[in-house]
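In what follows, a single structure is set out as C-alpha cells and then discussed.
Since the structure is predicted, the reported quantities are computational estimates derived from the model, not experimental observations. Counting begins at 1 with the first residue of the sequence.
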Amino acid sequence: MTTTAVTRAEYCVVACAEAWRDGGEVLAATMAPVPSFGARLAKRSFAPDLLLTDGEAMLVGLDGEVEGWLPYRRHLTMVTGGKRHVMMGASQIDRYGNQNISCVGDWSRPARQLLGVRGAPVNTLNNPVSYWIPRHSPRVFVERVDMVCGVGYDRAAAAGAGRFHRIPRVVTDLGVLDFETPDRAMRLASVHPGVSVEQVRAATGFALVIGEEVPYTREPTAEELRLIREVIDPAGLREREVRV
C-alpha cells in the first residue's frame with residue numbers, strides 16, 4: 001500500500017480508530033462521520049469488544065442491526081463508571097486539553113453562542129475523551145479557551161479530579177496530537193503524509209511540544225483500506241468532511 005493511494009480523510013479515519021485500540025469492552029460515542037467510521041474500523045480490525053451505538057437508544061452491530069437497548073439512564077451509568085470513550089469536537093482547545101463548545105467571547109455576553117456545555121465536564125472527568133477537529137487552525141487551537149467545557153489536564157489536577165481523567169488523542173486534518181509530556185502539555189505525535197511540521201505549527205495558536213523527529217501517521221493496511229472504501233463508507237462521506 002503506497003501513501004499516494006491513501007487520501008487524507010482515510011488517514012484521519014485510521015487515526016481516529018487508533019483511539020479505541022486496547023480499550024476493551026467500552027462504548028464508542030462519536031459526534032461526526034469520520035470518528036464514527038473510525039470506531040467501526042476499530043471494531044472490525046483490532047477492537048472486537050468495542051460497543052457501537054446508533055446515537056440514540058440502541059446498541060448496534062457492525063451492519064447496523066440492533067443488539068441491545070441502551071436507555072438514557074444506563075448511558076449515564078456508563079459515563080460515570082468509565083465504560084465509555086467519546087470522541088467529541090471542539091470549537092476551541094488549549095495546550096492542556098481544555099475544550100470549549102459553549103460560546104466565543106465573554107460567557108456573560110458572548111459574540112457567538114454555540115452548543116452549550118452539554119455533558120463535557122462529566123465526560124472528561126469520568127472516562128476517556130478524545131477529540132476530532134476537521135479544521136486545524138489558530139481559531140480552534142488557542143492559548144486560552146473562552147469557556148471551559150471539557151476539562152483539561154491542568155484543571156483536573158488543580159481540582160484533585162485527575163483519577164479517571166484521560167485525553168488519549170486529538171485527531172485533526174493535519175495530524176495527531178497527545179499529552180504524553182511531563183507537564184501534560186499538548187505534543188505533536190504524528191503528521192499525516194503530505195503535511196509538514198511547520199504547517200501544524202503555523203495552524204496552532206500556542207507552542208506545541210515537538211520532538212526532533214515527528215513520524216507520519218501510520219498507513220492503513222490493505223484490508224483496512226478495503227473496509228473503509230467498500231464496507232464502512234462506500235459513499236465517500238469522509239472526503240466531504242476532510243477537504244485538502
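- Cluster membership check: V129 does not share its hydrophobic cluster with L52, using side-chain heavy-atom separations under 4.5 Å among Ile, Leu, Val, Met, Phe, Trp and Tyr.
- Around the CZ atom of R226, the shell of radius 6.0 Å holds more than 12 heavy atoms that belong to other residues, nucleotides or ligands.
- Note on ring orientation: taking the six-membered ring where Trp is involved, the planes of H192 and Y11 are parallel (angle under 30°, cut-offs 30° and 60°).
- A distance-only check finds no donor-acceptor pair linking the side chain of Y131 to the backbone of I167 [under 3.5 Å].
- In this structure, A5 and E10 approach most closely via the heavy-atom pair O-OE1, 4.1 Å.
- Hydrophobic clustering of Ile, Leu, Val, Met, Phe, Trp and Tyr side chains at less than 4.5 Å, counting indirect connections, keeps I101 apart from V145.
- Q99 contributes no side-chain N or O that, together with a main-chain N or O of V148, makes up a donor-acceptor pair within less than 3.5 Å.
- Cluster membership for V242 and I232, using ILVMFWY side-chain heavy atoms within less than 4.5 angstrom, is shared.
- Under the 4.5 Å side-chain heavy-atom criterion for Ile, Leu, Val, Met, Phe, Trp and Tyr, M186 and Y153 are members of the same hydrophobic cluster.
- In this view, W20 and H85 satisfy the ring-ring contact (aromatic ring centres under 6.0 Å, His included) rule, not counting sequence neighbours.
- Transitive grouping of hydrophobic side chains (ILVMFWY, heavy atoms separated by less than 4.5 Å) brings I93 and V200 into a common cluster.
- For R135, the CZ atom sits in a packed shell: over 12 heavy atoms of surrounding residues, nucleotides or ligands are nearer than 6.0 Å.
- The local environment of CZ in F206 is crowded, with over 12 non-hydrogen atoms from other residues, nucleotides or ligands closer than 6.0 Å.
- Between the side chain of R169 and the main chain of A15, a donor-acceptor pair closer than 3.5 Å is present.
- R84 and N123 form a side-chain donor-acceptor contact under 3.5 Å, judged by distance and modelled atom types alone.
- For R218, the CZ atom is densely surrounded, since the number of other residues' heavy atoms within 6.0 Å is greater than 12.
- Checking side-chain atoms of K83 against main-chain N and O of V26 turns up no donor-acceptor pair under 3.5 Å.
- One N or O on the side chain of T124 and one on the backbone of V151 form a donor-acceptor pair closer than 3.5 Å.
- Heavy atoms of other residues, nucleotides or ligands lying less than 6.0 angstrom from CD of E65 number more than 12.
- Judged by distance alone, with hydrogens and angles left aside, the side-chain atoms of E224 form no donor-acceptor pair with the main-chain N or O of S45 at under 3.5 Å.
- Checked by atom type and distance alone, the side chain of R238 pairs as donor or acceptor with a backbone atom of D233 at under 3.5 Å.
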